[in-house]
Enquirer: 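Sending over a structure as structure tokens; questions will come in a sec.
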Amino acid sequence: MKLLSMCINFTVLTPVCRECCVFYGSGKFENNDVFHDRDVFLEDYKEMNRSLKIYVYPHREDDPFANVLLPVESEPGGNYTSESYFKKVLMKSHFITKDPPEADLFFLPFSMARLWHDRRVGVGGIQDFIRDYIQNISHRYPYWNNTGGADHFYVACHSIGRSAMDKAPDVKFNAIQVVCSSSYFLTGYFAHKDACLPQIWPRKGNPPNLVSSKRKRLAFFAGGVNSPVRVKLLETWKNDSEIFVHHGRLKTPYADELLGSKFCLHVKGFEVNTARIGDSLYYGCVPVIIANYYDLPFADVLNWKSFSVVVTTLDIPLLKKILKDIISSNKYLMLQSNVLKVRKHFQWHSPPQDFDAFYMVMYELWLRRSSIKNSWVDSFRV
């Protein structure tokens with residue numbers, strides 16, 4: 001990596017790069033840049049923007065399941081809005097091609113959230129719907145069979161998406177699964193093949209001006225106690241004056257609590273993912289991730305150690321010491337500064353804005369595009 005070689009030879013560092021590297025007496029260094037390798041990312045990002053092409057299986061507006069297969073016309077909203085935003089923005093983007101041999105990837109456009117709410121399908125019928133859908137496209141088109149689905153992908157933010165593939169194992173094991181519930185501890189998710197979709201609550205307008213925010217509280221969490229991890233957190237810190245852990249409805253605005261805290265806790269609930277990481281970043285609060293086995297969003301690109309604190313569930317009793325040590329070492333100022341740098345990557349826009357959540361997900365897909373494509377494209381064009 002360029003950053004690695006430059007950090008080894010400290011004398012050649014530019015002022016910008018000097019801020020990215022912290023050196024220790026032993027000669028070791030720590031990368032404090034928000035990217036693992038900024039130069040590689042920016043170079044690949046430019047090429048991705050230029051050349052990546054995606055084919056979406058076509059469906060008519062009079063299709064009986066148009067509500068499931070076509071993008072929403074209205075502004076997406078709700079807890080699983082990332083799924084709807086991605087499809088809505090993708091369909092109007094320059095990445096779309098109507099020429100299948102030109103495509104690097106093929107998008108399976110079904111919506112898990114809409115299947116879940118559709119009375120004709122419901123939770124009990126989603127597995128059958130996915131199985132039948134894959135059988136249908138594999139009989140009508142050659143593209144799935146050409147690669148066994150390795151160059152296909154779907155997007156899902158609802159946790160039902162994980163079990164939805166049980167009757168379509170080729171999707172689970174071959175296709176790229178872009179999902180919010182990205183736990184590599186659970187069966188059916190493969191970090192080298194699949195990708196994490198960030199769960200982000202939709203917000204309009206620019207992030208708040210944080211210059212005047214006074215962060216007097218050490219740490220903050222509010223949410224339902226729906227997992228053993230959250231039970232342990234509440235039992236340990238419920239009466240603490242510096243770490244505010246709240247169960248139930250807040251008496252003060254949620255945004256004010258985020259703006260008034262140095263650290264904001266993302267704690268595993270039913271799943272490893274929640275919208276709290278996006279909330280924390282939006283309001284300039286350093287996220288503390290307490291969710292074992294969470295394959296974090298954009299982890300291929302972003303250096304999470306530079307703008308967040310990742311601890312295990314066993315560290316909950318030590319949380320105050322860990323966070324105070326970060327403050328006393330002056331590392332907090334670096335983390336909070338980097339939060340402001342990365343929060344643009346965790347926002348949805350329609351139309352999209354450069355380096356926002358949509359483009360970051362596209363980059364993750366770019367990294368996973370199939371190398372199988374070239375051989376069958378040549379034969380297809382003969």
Side-chain angles (χ1 to χ4, degrees), residues 32 34 79 198-201 203 205-269 272-292 294 296-297 304-344 346-347:
N32 287 334
V34 297
N79 209 25
Q199 185 173 350
I200 303 169
W201 192 264
R203 293 182 172 91
N206 296 321
N209 185 341
L210 302 176
V211 175
S212 61
S213 61
K214 298 178 181 178
R215 302 180 184 275
K216 297 181 179 180
R217 179 174 287 123
L218 179 63
F220 165 74
F221 171 83
V225 183
N226 54 8
S227 71
V229 181
R230 292 187 181 183
V231 169
K232 184 176 181 180
L233 180 76
L234 185 67
E235 290 176 346
T236 306
W237 298 109
K238 62 183 177 181
N239 295 319
D240 194 81
S241 60
E242 296 178 284
I243 297 179
F244 182 75
V245 177
H246 187 80
H247 168 49
R249 184 178 293 275
L250 284 168
K251 295 180 180 179
T252 54
Y254 180 58
D256 289 352
E257 296 295 343
L258 295 171
L259 286 168
S261 303
K262 293 181 174 65
F263 298 95
C264 295
L265 310 184
H266 165 96
V267 187
K268 180 187 181 301
V272 292
N273 57 289
T274 75
R276 287 176 180 81
I277 289 179
D279 295 343
S280 301
L281 297 175
Y282 186 83
Y283 288 103
C285 186
V286 176
V288 178
I289 292 116
I290 310 174
N292 294 358
Y294 187 11
L296 290 162
W304 278 82
K305 290 183 179 180
S306 73
F307 62 91
S308 71
V309 180
V310 181
V311 299
T312 70
T313 55
L314 293 176
D315 292 323
I316 288 176
L318 304 173
L319 203 52
K320 183 181 290 190
K321 181 181 186 305
I322 292 171
L323 299 183
K324 286 197 169 186
D325 284 349
I326 290 172
I327 293 173
S328 63
S329 68
N330 293 323
K331 187 178 179 181
Y332 170 77
L333 295 177
M334 179 273 294
L335 293 173
Q336 212 262 337
S337 174
N338 284 342
V339 161
L340 304 185
K341 295 176 184 177
V342 301
R343 61 179 178 169
K344 65 183 177 183
F346 293 82
Q347 296 174 49

Enquirer: Which one of L318, V311, T312 satisfies the side chain to side chain contact (heavy atoms under 4.5 Å, CB included) criterion with L314?
Expert: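 That would be T312.
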Enquirer: So do L296 and V310 actually touch side chain to side chain, heavy atoms under 4.5 Å?
Expert: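 Side-chain contact under 4.5 Å: yes.
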Enquirer: Applying the side-chain hydrogen bond (donor to acceptor under 3.5 Å, both in side chains) criterion to K320, which one of D325, D240, T236 satisfies it?
Expert: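 So, applying the side-chain hydrogen bond (donor to acceptor under 3.5 Å, both in side chains) to K320 and each of D325, D240, T236, only D240 qualifies.
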Enquirer: When you look at L250 and F244, which way does the side chain to side chain contact (heavy atoms under 4.5 Å, CB included) test go after all the steps?
Expert: CA-CA 11 Å; L250 284 168; F244 182 75; 3.9 Å; yes
Enquirer: With rounding to the nearest 0.5 angstrom, report the CG to CD distance, L319 to E242.
Expert: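 CD of E242 is found 11.5 Å from CG of L319.
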Enquirer: Nearest 0.5 Å, please: how far is CG in L340 from CG in L335?
Expert: 11.5 Å
Enquirer: Just by distance, do the side chain of Q347 and the backbone of R343 share a donor-acceptor pair under 3.5 Å?
Expert: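 Yes, because the side chain of Q347 sits within donor-acceptor range (under 3.5 Å) of the backbone of R343.
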Enquirer: Could you walk me through whether I200 and Y282 pass the side chain to side chain contact (heavy atoms under 4.5 Å, CB included) check?
Expert: CA-CA 10 Å; I200 303 169; Y282 186 83; over 6 Å; no
Enquirer: Is the shortest heavy-atom distance from the side chain of F346 to the side chain of S280 under 4.5 Å?
Expert: no
Enquirer: Contact between W237 and I316 at the side-chain level, heavy atoms closer than 4.5 Å - yes or no?
Expert: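 Sidechains of I316 and W237: in contact.
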Enquirer: CD1/I277 to CZ/F307 distance, rounded to the nearest 0.5 angstrom?
Expert: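 So the CD1 of I277 and the CZ of F307 are separated by 8.0 Å.
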Enquirer: Has the side chain of S337 got a donor or acceptor atom that lies under 3.5 Å from a matching backbone atom of L333?
Expert: no
Enquirer: Using only atom types and a distance under 3.5 Å, with no angle test, would you say the side chain of S227 pairs donor to acceptor with the backbone of R230?
Expert: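 Yes: the side chain of S227 pairs with the backbone of R230.
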Enquirer: Hey, does V225 have a side-chain heavy atom less than 4.5 Å from the side chain of H247?
Expert: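 Counting from C-beta outward, H247 and V225 do come under 4.5 Å.
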Enquirer: Please report the shortest heavy-atom distance between F221 and L265, naming the atom on each side.
Expert: CD1-O, 3.4 Å
Enquirer: Does K232 reach the side chain of P317, with side-chain heavy atoms less than 4.5 Å apart?
Expert: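 They are in side-chain contact.
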Enquirer: What distance do F263 atom CZ and Y332 atom OH have between them, rounded to the nearest 0.5 Å?
Expert: 6.5 Å
Enquirer: Under a 4.5 Å cut-off applied to non-hydrogen side-chain atoms, are V286 and K262 in contact?
Expert: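 The answer is no, as the side chains (C-beta and beyond) never meet within the 4.5 Å cut-off.
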Enquirer: Do the ring planes of Y294 and H266 sit parallel (below 30°), tilted (30 to 60°) or perpendicular (above 60°)?
Expert: parallel
Enquirer: Working to the nearest 0.5 Å, report the span between NZ of K305 and CG of N32.
Expert: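 If we round to the nearest 0.5 Å, K305:NZ and N32:CG are 11.0 Å apart.
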Enquirer: Under a 3.5 Å cutoff, is there a donor and acceptor pairing between the side chains of T274 and Q199?
Expert: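 The answer is no; no qualifying pair exists.
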Enquirer: Would a distance-only check, ignoring hydrogens and angles, find a side-chain to backbone donor-acceptor pair under 3.5 Å from R217 to G260?
Expert: no
Enquirer: Going by atom types only, do N292 and T313 share a side-chain donor-acceptor pair under 3.5 Å?
Expert: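 There is such a pair between these side chains.
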Enquirer: Kindly say whether I326 contributes a backbone atom to a donor-acceptor pair with the side chain of S329 at under 3.5 angstrom?
Expert: yes
Enquirer: Rounded to the nearest 0.5 Å, what separates atom CG in N226 from atom NZ in K268?
Expert: 8.5 Å
Enquirer: Are any non-hydrogen side-chain atoms of P287 and C264 less than 4.5 angstrom apart?
Expert: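 No, too far: nothing below the 4.5 Å cut-off.
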Enquirer: Does a side-chain N-to-carboxylate-O contact under 4.0 Å join D279 and R203?
Expert: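 Counted as a salt bridge, because a side-chain N and a carboxylate O are separated by less than 4.0 Å.
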Enquirer: Does R215 reach the main-chain N or O of G284 with its side chain, forming a donor-acceptor pair under 3.5 Å?
Expert: yes
Enquirer: I'd like to know if the side chain of N338 and the backbone of V34 have a donor-acceptor N/O pair within less than 3.5 Å.
Expert: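 Here the side-chain-to-backbone pair does not exist.
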